[in-house]
Amino acid sequence: MTEISALKAGLIADIAAADTLDALEALRVGALGKSGVVTGLLKTLGPMSPDERMEKGPPIQDLRESVTVALADRKAALEQAALDAKLSSEKVDMTLPADGGAFGSVHPVSQVMDELAEIFADLGFSVATGPEIEDDWHNFTALNIPETHPARAMHDTFYFPDEEGQKRMLLRTHTSPVQIRTMMNGTPPPIRIIAPGRVYRSDSDATHTPMFHQIEGLVIDKGITLGHLKWTLETFLKAFFEREDIVLRLRPSYFPFTEPSVEVDVGYTLTNGQRVIGGDGDAPGGGWLEVLGSGMVHRKVIEACGLDPDEWQGFAFGTGVDRLAMLKYGMNDLRAFFDGDLRWLKHYGFSALDVPTLSGGVGA
């Protein structure tokens, strides 16, 4: 028993003197490992008789427990000392600015929507919205496009299955139904609205997608003429492209819901092989690019909404938001807008903190 007491005192002294975790681990293996001295004593209990085991077992078990406790205490002390040394040597300067967190990007379509809303709000327009799942009457008939009208073929779109006794439903092909709903909601004219939103047509290539974004405008008042329309579009395009040299060309066209109807072209110049909006399209090196359709609201549309066309007149216009974004920010493939590629969005996206304002620049 004297030998066990001496071994216990020696091991505990060695453990207390260990100054590193590696040295302490070596002592643990030497005492409690497979070939350790304490493990060896425990193995000698096997061949003993029960009486010998009762006599010699408790001191050996006490040795094992004492060494285990001493190892744990010394390990905790060494780890705390290492932590204290690390804390005393490492300092944090609390006056330094914090690292900025990751910010998401605003999609170009959302950015342009905000820019357009800012511009037209300054012109006295409000934003109106309507359902994307529309009925046939609001999407076509009320806009002077009856069921047999050939213009419906231009809007070949996505219809819902017909149900007996129910209106024929479809994904809207333009935001013009919002104009109809606004004129019919009981609010008396004058009306000045823009209607941005998603629309759907069965079409897909580099400049067309089955779903795209459109913005339409409507003005209903007394004494409205094409001159008001031209001034509004010219003012809008100058503010949007942030250039004063915007030149418009109005060409006669046809839309069922306007009469007369005009296509609106804007002049551009070629710079390094890229279209730059601005300047006279008839000037050397210039050209004309169609950007929107417009016209005076057809009297049948005004009548369908319960207004007197002899008292109220108006104009309407519409353009693709995605197309405007492509022209202003130099994008060349509409399909990339909907790929969900974060690399593309990181390149073309906008900071959420740079809110478009007319004073700071709508393209801020």
Side-chain angles (χ1 to χ4, degrees), residues 103-134 139 171-182 191-201 203 207-219 232-243 246 264 266 277 289-294 316-342 344-364:
F103 287 97
S105 298
V106 175
H107 195 282
V109 169
S110 298
Q111 171 73 12
V112 170
M113 289 274 204
D114 291 342
E115 294 178 11
L116 297 175
E118 180 71 19
I119 293 168
F120 281 105
D122 191 60
L123 295 176
F125 287 70
S126 60
V127 176
T129 59
E132 294 180 22
I133 299 177
E134 191 56 271
N139 195 82
L171 295 177
R172 66 182 181 186
T173 62
H174 43 191
T175 57
S176 298
V178 178
Q179 300 179 18
I180 301 299
R181 292 181 178 275
T182 301
I191 296 171
R192 293 178 181 85
I193 64 159
I194 57 170
R198 287 184 291 264
V199 297
Y200 306 83
R201 297 184 189 179
D203 202 355
T207 56
H208 298 83
T209 55
M211 185 280 291
F212 58 100
H213 300 82
Q214 190 178 61
I215 183 168
E216 296 192 13
L218 172 71
V219 170
T232 300
L233 297 180
E234 192 173 66
T235 303
F236 146 57
L237 291 170
K238 284 181 177 179
F240 178 73
F241 288 107
E242 300 180 75
R243 296 180 63 122
I246 297 295
V264 180
V266 63
I277 301 299
L289 182 67
E290 178 190 332
V291 290
L292 52 86
S294 61
F317 59 88
T319 185
V321 177
D322 317 83
R323 181 172 175 78
L324 289 178
M326 292 174 71
L327 291 174
K328 183 171 181 178
Y329 296 110
M331 304 162 188
N332 56 13
D333 194 328
L334 186 62
R335 292 169 293 193
F337 279 61
F338 311 104
D339 284 343
D341 191 328
L342 293 180
W344 182 89
L345 189 57
K346 185 176 180 180
H347 180 75
Y348 286 112
F350 293 82
S351 169
L353 302 179
D354 291 335
V355 179
T357 62
L358 292 179
S359 59
V362 293

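Heavy-atom basis, side chains included; hydrogens, waters and symmetry copies ignored. Along the sequence shown, residues carry numbers from 1.
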Identify the two heavy atoms, one from [X] and one from [Y], that lie closest to each other, and give their separation to 0.1 Å.
| X | Y | value |
| --- | --- | --- |
| Ser176 | Glu216 | OG-OE1, 2.6 Å |
| Gly197 | Met113 | N-CE, 3.9 Å |
| Arg192 | Gly124 | CB-O, 3.8 Å |
| Leu345 | Pro108 | CD1-CD, 4.0 Å |
| Lys328 | Val362 | NZ-CG2, 3.7 Å |
| Ala128 | Thr182 | CB-OG1, 3.9 Å |

To the nearest 0.5 Å, what is the distance between [atom1] on [X] and [atom2] on [Y]?
| X | Y | atom1 | atom2 | result |
| --- | --- | --- | --- | --- |
| Ile194 | Ile215 | CD1 | CD1 | 4.0 Å |
| Glu132 | Met211 | CD | CE | 8.0 Å |
| Glu242 | Ile119 | CD | CD1 | 8.0 Å |
| Asp114 | Asp354 | CG | CG | 12.0 Å |
| Tyr348 | Phe337 | OH | CZ | 8.5 Å |
| Ile246 | Glu234 | CD1 | CD | 9.0 Å |

Phe236 ring center within less than 6.0 Å of Phe125 ring center: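 No, ring centres 6.0 Å or more apart.
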
Would you say the side chain of [Y] lies within less than 4.5 Å of the side chain of [X], judging by non-hydrogen atoms?
| X | Y | result |
| --- | --- | --- |
| Ile133 | Leu171 | yes |
| Pro196 | Val321 | no |
| Thr173 | Asn139 | yes |
| His107 | Trp344 | yes |
| Leu327 | Val266 | no |
| Val178 | Arg172 | yes |

State whether the side chain of [X] and the backbone N or O of [Y] hold a donor-acceptor pair below 3.5 Å, judged by distance alone.
| X | Y | value |
| --- | --- | --- |
| Thr319 | Val291 | yes |
| Arg243 | Leu237 | no |
| His213 | Arg323 | no |

Show your reasoning for whether side chain to side chain contact (heavy atoms under 4.5 Å, CB included) applies to Thr232 and Val219. CA-CA 10 Å; Thr232 300; Val219 170; 5.9 Å; no

